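Working notes, structure below.
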Amino acid sequence: MLTERHLEIFVAIAEEGHFGDAAQRVGITQPPLSQALRRLEALLGVRLFDRERGVSLTEEGAALLPHARRALSALAELRETGTREGADGQRLRLGLPPELPPRLGATVAASPVRAGIRARVSVVTAPTATLLTEVSAGRLDLAVVRHPAVLHGLSAGPVTLLPTWLLVPDGTVGAGAGRSSPSEAGAGRSAPNRPQDRPGRPSPRSGGAQAGRRLPYAVRPRAEAPAAHDLFLDTLAGRGRRVETVVVSDERSGLALVAAGQAVLVTADESLAADGVTRHETTAPELPLRLRVVWDARRLAAAHAAEAAEVLVGALASEHLPGAGAAR
């Protein structure tokens, strides 16, 4: 069956003149791109490209290209018309990463409406890699993603640095990365009302069952945000020390491991807490959560997305870590 995706791939190859560039443009790797082209040629019963000397359109391909472009334009117009239910009916499709604290996520999502933009906001939560693909494909208007990340031509706002905390098991002296104490593992001022401050609980600096242990850092899968994941570990490693990690599906799972005395966790969520867990500010080294707003400038006409992009950038920037300089 002929699909819109077939037409997108056909037009991308014709306009880029290179399979690798076309694959990057449509957000897939080269092998599935080539397979999709072969299926399209089989469906149409013609060869669309001459592959013997580079990539060039055959006569049949050149004749079909204008029709493919018109079909894609008509489909895009159909989608926009279908979602246009008056000014209040326009939809602003927003993506947020799971690392974004819930309070800030709600503030960011509500900011376009609070700024007077007449649109219905729909929100999805997904890893950075998925959000970038969805924005590139036009299935999301805007997204907040972790930085750094390969943007593949998407526009982006400035990088915002959010403060983070190190969560460690009560009584931990050696926490992650081989540090000898929580303070050397990124701890500064302890958070108030900690569970271990209640009567009968040991102080985190008094030793205990975790004393001297190197605990792994609970992290999300690298594939969700490869460049940001690598920067996080490189920052922790510091002087070439190896950093042990344990992969978790989300921060709640990481918190459970911390409470069980099996890991430490760096989080930007100030509300994340549990009995048996101590919270410290990350200061040595600083481990801010780096975020930025991304969008496809070619698609910003829909649902006041251009104006909304500016509002989201401002909402995110309002949470920037005080005194932080330029982000890496």
Side-chain angles (χ1 to χ4, degrees), residues 97-101 127-129 145-150 158-191 194 203-248 250-251 253-255 257-258 260-270 272 277-292 319-328:
E99 297 87 353
L100 188 67
T128 287
V145 300
R146 292 184 64 187
H147 171 83
V150 179
V159 177
T160 292
L161 307 182
L162 299 185
T164 59
W165 288 267
L166 178 72
L167 305 185
V168 301
D170 280 0
T172 300
V173 173
R179 268 75 173 193
S180 60
S181 71
S183 63
E184 291 175 329
R189 191 172 61 251
S190 298
R194 298 171 302 174
S203 165
R205 288 177 174 78
S206 66
Q210 307 299 329
R213 290 180 55 188
R214 291 186 181 183
L215 296 177
Y217 282 82
V219 297
R220 298 178 67 89
R222 180 180 182 275
E224 294 187 356
H229 180 277
D230 292 347
L231 176 58
F232 175 80
L233 294 187
D234 288 346
T235 304
L236 278 175
R239 301 174 181 176
R241 295 174 179 170
R242 182 180 179 185
V243 178
E244 298 293 335
T245 62
V246 56
V247 176
V248 293
D250 52 43
E251 289 192 341
S253 300
L255 178 64
L257 291 185
V258 178
Q262 297 175 10
V264 297
L265 174 69
V266 174
T267 178
D269 186 355
E270 60 188 10
L272 198 65
V277 173
T278 306
R279 172 187 300 268
H280 301 278
E281 293 177 353
T282 57
T283 57
E286 289 188 352
L287 297 165
L289 176 61
R290 295 168 167 86
L291 300 171
R292 67 196 314 187
E319 299 290 327
H320 191 72
L321 188 63
R328 283 181 57 184

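All values reported here derive from a predicted model rather than from experimental measurement. Hydrogens, waters and symmetry mates play no part in the numbers below; they use all other heavy atoms, side chains included.
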Applying side chain to side chain contact (heavy atoms under 4.5 Å, CB included), can you list everything that pairs with A228, at least two apart in sequence or on another chain?
R146, P148, A225

Of all residues at least two apart in sequence or in a different chain, which pass the side chain to side chain contact (heavy atoms under 4.5 Å, CB included) check with V246?
P216, A218, L257, A263

Partner residues of D250 under the salt bridge (charged side-chain N to carboxylate O under 4.0 Å, His left out) criterion, sequence neighbours left out:
none

Under the side chain to side chain contact (heavy atoms under 4.5 Å, CB included) rule, what do L265 and L272 come out as? Steps first, then yes or no, please.
CA-CA 10 Å; L265 174 69; L272 198 65; 3.7 Å; yes

Give a yes or no on whether the backbone of V248 and the side-chain of S253 come within a donor-acceptor separation of less than 3.5 Å.
no

Kindly indicate whether the side chain of L233, heavy atoms from C-beta on, has any atom under 4.5 Å from the side chain of R222.
no

For the atom pair CG (D269) and CD (E99), what is the distance rounded to the nearest 0.5 Å?
11.5 Å

Holding to side chain to side chain donor-acceptor pair (under 3.5 Å), I want the full list of residues that pass it with T128, two or more places apart in sequence or in another chain.
none

Nearest atoms (heavy-atom pairs only) where G261 meets P169:
CA-CG, 3.6 Å

Out of curiosity, L100 CG to L162 CG, how far, rounded to the nearest 0.5 Å?
7.0 Å

Matching residue for F232 among T245, L289, V266 - test: side chain to side chain contact (heavy atoms under 4.5 Å, CB included)
V266

How long is the span from the CG atom in L287 to the CG atom in L236, to the nearest 0.5 Å?
5.0 Å

Please report the C-alpha distance between L215 and V258 in whole Å, then the side-chain angles of each, then the deciding distance to 0.1 Å, and finally whether the side chain to side chain contact (heavy atoms under 4.5 Å, CB included) criterion is met.
CA-CA 9 Å; L215 296 177; V258 178; over 6 Å; no

Who pairs with E224 by salt bridge (charged side-chain N to carboxylate O under 4.0 Å, His left out), at least two apart in sequence or on another chain?
R220

Measure the shortest side-chain to side-chain distance between T282 and P163 over non-hydrogen atoms and say whether it is less than 4.5 angstrom.
no

If you compare all heavy atoms of E286 against all heavy atoms of T235, which two are closest, and at what distance to 0.1 Å?
O-CG2, 3.8 Å

Verify side chain to side chain contact (heavy atoms under 4.5 Å, CB included) between L231 and R290, making sure each step is shown before the conclusion.
CA-CA 10 Å; L231 176 58; R290 295 168 167 86; 3.9 Å; yes

